[in-house]
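Here's the structure, in structure tokens; my notes come after.
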Amino acid sequence: MITPLTIVTPASEREAFEAYQGGAGSAAYYAGGTELLLLMKQGVAQHDVLIDLKGIVSLSGISRAGADRVRVGSCVKHREIERSPLLGDLLPLLPTVERHVANVRVRNAGTLGGNLCFAEPHSDMTLVTLLLDGEIGVFDGKATRTIPAGEFFVGAYETAMQPGDLLCHVDFPVPRAGTVFGYQQFRLHERPSCVVGVVLQPTKDGKGCRRAAVGEGAAGLAPRRSPAAEALLENVSWEEAAGRAAEVGRVLAEEAEPLEDLTGSEEYKRHLIDVLAQRAISETLGRREANNA
Ligand SMILES: Cc1cc2nc3c(=O)[nH]c(=O)nc-3n(C[C@H](O)[C@H](O)[C@H](O)COP(=O)(O)OP(=O)(O)OC[C@H]3O[C@@H](n4cnc5c(N)ncnc54)[C@H](O)[C@@H]3O)c2cc1C
């Protein structure tokens with residue numbers, strides 16, 4: 001049961017930060033509340049002050065940030081990402097994956113910022129943000145600093161943010177035209193127990209792959225990219241990339257640190273990562289062929 005508490009509705013990032021500092025260690029930010037309120041109902045977390053971020057205009061919206069970036073505000077809901085024509089055009093991996101996040105009720109309330117801050121190990125959006133080289137804007141009361149996604153996800157429920165830090169937005173670099181992706185999930189419950197994603201950027205002449213992002217999540221404590229698996233797919237023709245799928249799967253599975261739990265043993269999860277990686281590569285290359293047809 002949730003005990004009586006005060007809800008504060010700041011109008012700016014600074015007001016939110018000050019409300020947090022004024023909460024004497026018992027305040028928490030909340031956006032959709034889909035994670036936080038559950039924890040409070042279960043008695044796992046208790047807060048006397050909740051700071052509702054949804055009224056802060058600067059935390060909302062999806063827009064271009066200069067010529068080569070798209071900015072997604074921290075309070076943007078999953079459903080808005082799923083339906084955004086701008087993201088559908090420039091970063092289709094985001095809306096494609098969002099369609100499979102949770103259920104419509106959670107997607108209508110839960111936000112990207114809440115998902116990344118909570119860093120639940122079975123999150124899809126943490127891996128997607130990592131694969132897309134997201135740059136996370138965090139306000140610390142004085143200034144907004146940028147944390148690359150590669151440094152943001154530290155462990156289960158653990159990020160590089162300090163207490164009181166406010167996640168403001170995520171900037172995603174727009175990938176080169178012709179970039180293709182694949183994303184594979186395995187789930188037994190509401191949240192996935194294993195996910196693998198692949199993003200391949202073409203060379204200038206379009207005949208091969210110049211840059212690759214390959215990673216897995218949900219099986220261990222935090223999402224991970226694999227530079228070794230990525231190297232196998234970089235600066236090769238599309239045919240060579242297809243021929244290396246099995247090796248990529250093996251490398252990704254070997255490097256992973258899956259945890260045994262109710263959804264499977266460590267060995268089983270390594271097998272899943274291997275299979276999903278091969279499927280994700282074939283999905284990626286299939287998209288390229290469909291685009292070129
Ligand atoms: C049934 C269910 C199924 C789900 N399935 C999936 C799934 O398949 N894939 C997936 O990726 N996710 C899944 N999720 C997770 C879901 O995406 C998150 O619950 C949601 O995005 C959290 O956002 P929120 O706005 O509700 O966060 P809140 O609950 O409001 O906040 C979560 C945490 O983040 C902090 N916080 C929130 N916003 C900020 C901010 N701007 N700055 C600093 N701290 C902040 C809060 O203090 C709190 O600690 C599922 C959740 C549920 C309940």
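Because the structure is a prediction, the values reported are computed rather than measured. Throughout, residue positions are numbered sequentially from 1 according to the sequence presented. Each ligand, and each atom within it, is numbered from 1 in the order the structure gives.
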Exercise for review: Collect the protein residues that have a non-hydrogen atom under 4.0 Å from ligand 1 and hand them over in chain and number order.
Suggested key: Tyr29, Tyr30, Ala31, Gly32, Gly33, Thr34, Glu35, Leu36, Leu53, Ser74, His78, Val101, Ala102, Val106, Gly110, Thr111, Gly114, Asn115, Cys117, Phe118, Ser123, Asp124, Met125, Met161, Asp165, Leu166, Leu167, Arg187, Glu190, Arg191, Pro192

Quick test of your reading of the model: are [X] and [Y] salt-bridged, counting only N-O distances below 4.0 Å?
{"X": "Arg83", "Y": "Glu98", "answer": "no"}
{"X": "Arg191", "Y": "Asp124", "answer": "no"}
{"X": "Glu247", "Y": "Arg244", "answer": "no"}

**Study point:** Glu80: salt bridge (Lys or Arg N to Asp or Glu O under 4.0 Å) partners, not counting sequence neighbours
**Key:** none

Which side-chain N or O atoms in residues 160-171 pair as donor and acceptor under 3.5 Å with protein atoms at least two apart or in another chain?
residue, atom, partner, partner atom, Å
Asp165, OD2, Arg145, NH1, 3.4
Asp165, OD2, Arg145, NH2, 2.8
Asp165, OD2, Gln162, N, 2.8
Asp171, OD1, Arg71, NE, 2.7
Asp171, OD2, Arg71, NH2, 2.9

**Study point:** Sequence-distant partners of Tyr157, ring-ring contact (aromatic ring centres under 6.0 Å, His included), two or more places apart
**Key:** Phe118

